[in-house]
Amino acid sequence: MSRLTVELRGASATEAAGAALAQPLADRSGVVFLEGELGAGKTTLTRGFLRALGVVGTVRSPTYTLMEPYEIGARTVVHMDLYRLRDPEELWGLGLDSYSPDRALWLVEWPEKGADLLPAPLLRIRLQYFGTGRTLDASGPAELIDRLRAALKDLH
């Protein structure tokens, strides 16, 4: 397991970090955990990620719908926000069986609300407040972290 920490100065840097994240994950399926307090930038990061993959139109937090699938060419990215989940068992009612993480990429905000019912993450991203900006802390396999580090090198 490798780690990477990057300082993000504002929403545009957070969105750019999401776009950079799309590079090492462009051909991957699996689960990415997006952790952090309310307002830490999880949806902003996801917006940058989806835009880099070609999504046009509104990218909003699925706070009320809990899940928003995006068909991007032959690939599916599922953005989940589990903040309002009252019980982890509610995951089964979302229709996730239509979007197996073997064939789709899940970006999961508030993964702790899914308890042990979510598959193990391929990558874990934590956004935290730091002064007037944020820090992004990523952990995952060395190969993915190295590719993310290379994609983020020109962020500032």
Exercise. Is there side-chain contact between L127 and L45, with at least one heavy-atom pair below 4.5 Å?
Worked result: yes
For this session: Flag the pair P62 / M67 as yes when at least one side-chain heavy-atom distance between them is below 4.5 Å, and no otherwise.
Result: no
Problem set entry | Pairwise side-chain contact, E143 with R147, heavy-atom cut-off 4.5 Å (strictly under) | yes
For this session: State plainly whether one hydrophobic cluster holds both V108 and L85, where clusters connect Ile, Leu, Val, Met, Phe, Trp and Tyr through side-chain heavy atoms under 4.5 angstrom apart.
Result: yes
Problem set entry | Flag side-chain contact, heavy atom, 4.5 Å: W92 against D97 | no
For this session: Please report the C-alpha distance between F49 and L105 in whole Å, then the side-chain angles of each, then the deciding distance to 0.1 Å, and finally whether the side-chain contact (heavy atoms from CB on, under 4.5 Å) criterion is met.
Result: CA-CA 12 Å; F49 180 89; L105 182 68; 3.4 Å; yes
Exercise. Mind checking whether V32 and L25 have side chains closer than 4.5 Å, heavy atoms only?
Worked result: yes
Problem set entry | Salt-bridge criterion met for R84 and E109 (N-O under 4.0 Å) | no
Exercise. Roughly how far apart are L107 CG and I125 CD1, rounded to 0.5 Å?
Worked result: 9.5 Å
Problem set entry | Donor on one side chain, acceptor on other, S29 and D102, under 3.5 Å | no
For this session: Let me see the working for T76 and V78 under side-chain contact (heavy atoms from CB on, under 4.5 Å), right down to the final yes or no.
Result: CA-CA 6 Å; T76 302; V78 181; 4.0 Å; yes
For this session: Look at atom CD of E37 and say whether more than 12 heavy atoms of other residues, nucleotides or ligands are closer to it than 6.0 Å.
Result: no
Exercise. Just checking, is any N or O donor in the side chain of E15 or T44 under 3.5 Å from an acceptor N or O on the other one?
Worked result: no
Exercise. Do you know the tightest heavy-atom contact between Y70 and T58?
Worked result: OH-O, 4.3 Å
Exercise. Is it true that M1 and L148 fall in one hydrophobic cluster, defined by side-chain heavy atoms closer than 4.5 Å?
Worked result: no
Problem set entry | Among T46, L136, T43, L8, side chain to side chain contact (heavy atoms under 4.5 Å, CB included) partner for T14 | L8
Exercise. Any link between L53 and L123 through a network of hydrophobic side chains (Ile, Leu, Val, Met, Phe, Trp, Tyr) touching at under 4.5 Å?
Worked result: yes
Problem set entry | Closest contact, heavy atoms only, R28 versus L122 | NH1-CD1, 3.9 Å
Exercise. Within a reach of under 6.0 Å around CZ of F130, are more than 12 heavy atoms found that belong to other residues, nucleotides or ligands?
Worked result: no
Exercise. What are the two closest heavy atoms between I145 and S2, and how far apart are they?
Worked result: CG1-O, 3.6 Å
For this session: Working to the nearest 0.5 Å, report the span between NZ of K42 and CZ of F33.
Result: 14.0 Å
Exercise. Does the side chain of R134 come within less than 4.5 Å of Q128's, by heavy atoms?
Worked result: no
Problem set entry | Over all atoms of both residues, closest heavy-atom pair of W110 and L82 | O-CB, 3.5 Å
Exercise. What's the shortest heavy-atom distance between Y99 and P69, and which atoms?
Worked result: OH-CG, 3.4 Å
Problem set entry | Separation of R9 CZ from T135 OG1 (nearest 0.5 Å) | 12.5 Å
Exercise. Are L94 and L66 side-chain neighbours, meaning at least one heavy-atom pair lies under 4.5 Å?
Worked result: yes
Exercise. Do the side chains of I72 and V77 get nearer than 4.5 Å, heavy atoms only?
Worked result: yes
For this session: Verify, without hydrogens or angle tests, whether Y129 (side chain) and G39 (backbone) share a donor-acceptor contact under 3.5 angstrom.
Result: yes
Exercise. At what distance, to the nearest 0.5 angstrom, does CE of M80 lie from OG of S61?
Worked result: 13.0 Å
Problem set entry | Distance in Å, E90 CD paired with L117 CG, rounded so as to fall on 0.5 Å steps | 11.0 Å
Exercise. OG of S139 to CD of E35: how many Å apart, nearest 0.5 Å?
Worked result: 7.5 Å
Problem set entry | Shortest non-hydrogen contact between P88 and G114, atoms and distance | CB-O, 3.8 Å
